[in-house]
Amino acid sequence: MNNLTNNFNYLTRYWGKAKTNPYSNENYHLLAYHCLDVAAVGQLLLAPHKKLTQDLANFLGLSPESLQNLFSFFLVLHDIGKFASAFQQLYSQEDTELIKPKQYSPYDSRHFRHDRLGLFFWKKIQDDVLLALVGDDSLQFSEDKQKKQALKTLMVLMQCMLGHHGKPIDDDSWNTITDFTESQNVIDATAFTHDLLTLFQPHLPLAKLLSKEWRRKLQQVSWQLAGIVVLADWVGSDCYHFRYQTKDLPLEEYWQLTQKQAQIALDGIDIHNTPVISPYTSIQEYYQFSPTPLQKWAEEVPIDDSPQLFILEDVTGAGKTEAALALTHRLMQTGAADGFYFGLPTMATSNAMFGRIAKHYHHMFDAENGKLPSLVLAHGAREMNDNFRDIILTSEHNDSDYTRDDSTATAQCHRWLADSNKKALLASVGVGTIDQALLAVLPRKYQSLRLIGLNRKVLIFDEVHAADEYMFALLESVLSLHLHQGGSVVLLTATLSLKQRQRLVDIWLSASGIPPQKLQKTAFPLATHVTLNPEAPLVETPLHSRPDVSRTVTVKTVNHLDECVQIALNAAQNGQCVVWVRNSVDDALHAFRLIQAQMAQPENCLLFHSRFILHDRKKIENRVLAIFGKESNREDRQGKILITTQVFQESLDADTDVMISDICPIDDLIQRVGRLHRHTRNANGEYKQGITDSRSAPELYLHAPEWDDQPKADWLSKDFRNTQYVYRSAGRLWLGLRELLRLGAIRMPAEARTLIEAVYGEDADNQIPDALKYKDNEAIAEGLSKDAAARSQALQWQRYEYSKRSARGWYDDDSDISTRFSDIETVSVLLVKLTENGELIPWVEDEKFPVQLSIVKISKNKFADKLQPIPESLSQTVERLQDKFKSVKYLQIWLPESDPHFTYDPNIGFYPKQEA
């Protein structure tokens with residue numbers, strides 16, 4: 001095989017992409033050239049100078065150049081299944097040289113899609129590939145068993161290639177695929193393979209192919225390789241950069257052309273371009289204030305480029321975010337990472353965090369000597385910072401589907417990136433929910449793309465204490481996997497139990513292969529640092545808090561709803577501002593109506609919860625911040641009442657004069673109290689740093705059941721039905737209330753550990769009254785069930801390669817496999833309205849983000865499934881809307897004006913009409 005076949009018949013007989021191309025007069029692209037396009041992209045994504053390539057090559061005992069060449073060769077074979085006549089018959093014109101299939105079995109896009117058809121052709125060519133790879137070493141094959149072992153190893157690589165549509169293929173019963181092919185297909189695919197072997201001349205030592213240990217290493221990195229394959233296929237399928245070619249060119253000639261195009265296509269993509277990191281200076285210089293004790297520790301703690309875990313515990317307002325960014329900047333400067341992903345508990349928190357990151361991240365990257373990388377928010381927002389730069393993988397042309405279940409790579413790319421929550425993983429700097437990172441260890445479509453997006457990034461997870469048993473089990477897998485990728489993690493929390501912190505430390509040490517280390521420190525605040533140093537892997541550093549965030553909040557219990565209403569009204573009449581945090585949207589709506597009906601100026605009562613479209617949510621957030629934010633004054637604040645839910649404690653840097661809170665877990669309550677007198681204010685209600693607050697000592701009104709030393713089983717559910725539904729464990733709430741009544745106040749940070757351990761400590765379970773133990777035992781059993789469910793759902797990436805057998809089942813990207821254990825599945829609903837011309841348009845008429853700003857997330861079973869469908873008479877206008885905005889295809893469309901049961905109000909949000 002010293003020369004190419006010089007038989008180019010197979011080149012012009014098979015199409016690889018065949019749709020209208022706005023950038024070319026041709027309407028199909030020959031298969032061999034499309035395969036080379038994708039390989040050219042993959043070759044650059046795995047360039048020898050890249051740290052990822054070097055890490056993978058070192059792990060596999062190969063040179064970066066050898067790994068790149070081997071990967072590129074196999075990547076050309078990713079679409080070899082398209083040689084099948086069943087696929088080719090999907091597009092065949094009489095006036096072309098394309099093959100006219102003779103077989104009659106129709107293409108089966110569900111069970112025998114072109115990626116699985118590739119398995120059949122691989123089985124036909126695998127012997128030739130094996131012999132070419134090992135070269136003269138093939139003479140050392142002593143028995144057929146060795147050949148089977150070598151082919152088994154190569155199949156690990158082929159699984160990555162054939163899984164280019166985001167899920168591994170079913171590799172059983174490949175002989176049944178013969179119904180979709182004819183003999184000429186095999187002849188042509190074989191000729192193509194021989195030419196590729198001559199063009200690439202790949203080599204892999206026989207000793208590695210026969211080594212079970214090396215195969216195990218290849219299995220471990222197959223998860224990263226699979227992600228690179230998906231990304232290469234997406235970029236290499238973009239017809240803007242890779243124009244359709246219908247005339248035959250020698251493979252060598254086209255390979256030279258497409259390599260140049262691949263470089264152009266990748267020039268603007270963050271994941272390909274390594275950013276230049278600016279030298280770290282100081283908190284003082286970046287933020288113009290002196291560092292807190294935690295921030296000073298983050299500036300001075302010794303770090304290197306090895307994987308490290310940081311757990312930062314401090315009170316709300318102590319500057320954990322800035323400390324995390326300081327650590328991240330320093331880690332990037334050491335070469336440990338090229339970017340970071342900031343994962344938060346909710347969309348609301350990620351939206352709030354975006355603004356803070358956008359103001360700072362340009363300090364971390366050297367835009368003069370490099371390119372300022374993209375910063376991607378978890379979702380569209382009108383008021384995006386000027387520094388926002390979107391990530392682009394393909395041009396914005398439409399690329400139609402082959403069939404419903406066999407979409408083109410570009411169409412899949414557009415669909416995936418329509419949700420910028422996912423897009424945030426591919427940007428150098430991403431802000432989103434923790435869920436997007438957790439999905440990297442679940443068997444969901446494009447899992448490998450998420451994983452490769454997290455590679456070479458510092459993961460920052462905020463409010464990690466909020467994770468339940470299900471999320472914690474997934475977090476355990478993510479932490480272990482990220483450590484195996486060489487990554488570092490920063491975990492932030494104000495309220496972490498000792499049990500949780502020990503578990504997090506154990507996860508990291510176990511994944512590092514280091515024996516367990518028992519935690520020694522109970523101080524708060526505390527910085528925990530876990531490294532790979534076997535002699536001293538664990539360092540716990542007690543810290544002080546800033547004096548102005550140390551506080552005592554007196555707790556007063558209120559047992560009746562009407563008392564809470566009166567407290568709020570009286571405070572407002574006295575010129576104070578009030579926040580009442582309720583535990584459910586339904587409860588918030590009820591309180592809002594009660595209070596607004598009794599106010600002389602009802603517009604002074606605001607409602608803020610999760611059932612608003614983003615446009616209105618941002619307006620309400622801005623109004624809330626104007627009233628309760630740091631820059632507000634007495635005139636802004638006086639007489640204002642905010643009825644809200646958990647979104648207030650999670651997302652806004654605001655403070656209130658008076659706070660009412662429904663009873664909730666002690667860690668959540670501490671978070672809520674952090675918004676009471678959060679900013680020190682003078683007599684005019686203006687924020688001044690470093691002064692003594694002019695307001696009287698803060699008090700929390702805790703709306704809770706009457707205290708009972710011997711409570712009955714319905715102690716909580718009797719009057720707090722929605723709270724019982726949300727928080728489940730009445731026993732934990734009872735323990736928290738008991739401790740608050742004992743202490744009489746929340747003293748932070750002095751008694752932070754006391755409060756948390758009283759509810760979640762080792763002895764807490766035995767303190768729960770018998771009447772509440774049934775519910776609490778239910779909650780414990782549910783926790784164990786959640787843990788087991790997460791472990792059964794999670795990928796067994798430690799045990800298997802990228803393949804079907806790594807999970808019980810693989811799911812589509814829009815499936816209900818979730819990072820959160822809940823019977824409440826949410827749906828993204830797009831609100832639309834009807835114009836005078838009879839056209840459907842997004843609810844918000846915005847030049848840049850009309851769709852993103854018009855979406856509300858609501859419960860699937862409770863609400864979304866019951867919404868009035870769009871009338872059939874408007875089906876054509878729906879299609880026009882979908883054509884104009886690609887992402888609309890993947891949203892539920894709702895026309896509020898035609899729905900008899902539900903409605904939407906910019907000031908109230910989404911709600912059932914009977915509740916009006």
Side-chain angles (χ1 to χ4, degrees), residues 32-80 129-130 132-135 153-154 156-164 193 195-209 214-215 217-236 241-242 251-252 254-267 269-274 338 448-449 451-453 455-456 485-486 801-802:
Y33 303 140
H34 165 64
C35 291
L36 288 172
D37 293 340
V38 174
V41 174
Q43 183 184 56
L44 290 174
L45 290 175
L46 216 58
H49 71 274
K50 286 177 168 285
K51 188 66 166 61
L52 171 61
T53 310
Q54 293 168 6
D55 289 344
L56 293 173
N58 290 338
F59 188 71
L60 294 173
L62 298 172
S63 70
E65 292 76 14
S66 295
L67 175 62
Q68 180 195 39
N69 179 256
L70 183 71
F71 178 79
S72 303
F73 164 74
F74 273 91
L75 189 50
V76 186
L77 303 177
H78 80 283
D79 261 349
I80 198 169
V129 172
L130 175 60
L133 283 176
V134 299
T153 299
L154 291 185
V156 176
L157 270 175
M158 277 308 295
Q159 273 282 9
C160 300
M161 309 304 151
L162 298 178
H164 61 274
T193 303
D195 285 350
L196 293 176
L197 288 168
T198 301
L199 180 63
F200 285 88
Q201 298 184 11
H203 176 70
L204 189 59
L206 179 61
K208 293 190 181 298
L209 284 170
W214 194 82
R215 185 194 309 148
K217 289 186 174 183
L218 183 62
Q219 289 174 331
Q220 288 183 51
V221 301
S222 66
W223 298 94
Q224 285 80 14
L225 295 176
I228 301 171
V229 171
V230 173
L231 189 58
D233 188 42
W234 279 5
V235 178
H241 290 294
F242 301 94
L251 290 187
E252 309 100 311
Y254 188 82
W255 178 238
Q256 296 300 317
L257 293 173
T258 194
Q259 287 181 93
K260 294 177 182 177
Q261 286 306 117
Q263 185 65 64
I264 294 171
L266 283 171
D267 275 345
I269 296 179
D270 278 6
I271 204 167
H272 175 63
N273 298 305
T274 303
D338 301 323
S448 62
L449 197 64
L451 180 59
I452 204 65
N455 190 273
R456 299 285 303 157
Q485 287 196 137
E801 74 280 11
Y802 182 76

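Bear in mind that the values here come from a model prediction, so they are computed numbers and not experimental data.
- Taking NZ from Lys260 and OG1 from Thr258, the interatomic distance works out to 11.5 Å, rounded to the nearest 0.5 Å.
- Gln219 CD to Lys217 NZ: the interatomic distance, rounded to the nearest 0.5 Å, is 13.0 Å.
- Contact of the Leu196 side chain with the Leu36 side chain is registered, since non-hydrogen atoms from C-beta on lie closer than 4.5 Å.
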Full working for side chain to side chain contact (heavy atoms under 4.5 Å, CB included) between Val229 and Tyr802: CA-CA 12 Å; Val229 171; Tyr802 182 76; over 6 Å; no
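- When all heavy atoms of Leu209 and Thr153 are compared, the closest pair comes out as O-OG1, 3.1 Å.
- A donor-acceptor distance shorter than 3.5 angstrom exists from the side chain of His203 to the backbone of Leu133, with no hydrogens or angles considered.
- Counting only distance, with no hydrogens or angles, the side chain of Ser222 and the backbone of Val156 share no donor-acceptor pair below 3.5 Å.
- Between Gln259 and Leu44 the shortest heavy-atom distance is O-CD1, 4.4 Å.
- When all heavy atoms of Gly42 and Leu75 are compared, the pair lying nearest together is CA-CD2, 3.6 Å.
- Using a 4.5 Å heavy-atom cutoff, the side chains of Cys35 and Leu77 are not in contact.
- Closest of all the heavy-atom pairs between Val76 and Ala39 is CG2-CB, 3.3 Å.
- The two residues Ser448 and Val230 have their closest heavy-atom pair at OG-CG2, 3.9 Å.
- The two residues Pro202 and Leu197 make their nearest non-hydrogen contact at CD-O, 3.8 Å.
- You'll find the side chain of Phe71 stays beyond 4.5 Å of the side chain of Thr53, heavy atoms only.
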Step-by-step side chain to side chain contact (heavy atoms under 4.5 Å, CB included) determination, Asp233 to His34: CA-CA 9 Å; Asp233 188 42; His34 165 64; 4.0 Å; yes
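- Identified under the salt bridge (Lys or Arg N to Asp or Glu O under 4.0 Å) test for residues 39-51, with sequence neighbours left out: Lys51-Asp55.
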Chi angles and distances behind the side chain to side chain contact (heavy atoms under 4.5 Å, CB included) call for Leu56, Leu46: CA-CA 10 Å; Leu56 293 173; Leu46 216 58; 4.1 Å; yes
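- Inspection of the His241 and Asp37 side chains reveals no N or O donor paired with an N or O acceptor under 3.5 Å.
- In this structure the side chain of Leu157 reaches within 4.5 angstrom of the side chain of Leu70, judged on heavy atoms.
- With a 4.5 Å cut-off on side-chain heavy atoms, Glu252 and Leu199 count as touching.
- Rounded to the nearest 0.5 Å, atoms NE2 (His78) and CE (Met158) are 10.5 Å apart.
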Show which side-chain atoms of residues 58-65 pair as donor or acceptor with protein atoms under 3.5 Å away, not counting sequence neighbours.
from  : atom 1 : to    : atom 2 : distance (Å)
Asn58 : ND2    : Gln54 : O      : 3.1
Ser63 : OG     : Ser66 : N      : 3.0
Ser63 : OG     : Ser66 : OG     : 2.8

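- Side-chain atoms of Leu52 and Ile452, non-hydrogen and from C-beta on, do get closer than 4.5 Å to each other.
- Looking at Leu130 and Leu154, their side chains come closer than 4.5 Å, going by heavy atoms from C-beta outward.
- Between Leu251 and Trp255, the closest side-chain pair of non-hydrogen atoms is not below 4.5 Å.
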Phe74 vs Val129, side chain to side chain contact (heavy atoms under 4.5 Å, CB included): CA-CA, chis, key distance, verdict: CA-CA 10 Å; Phe74 273 91; Val129 172; 4.1 Å; yes
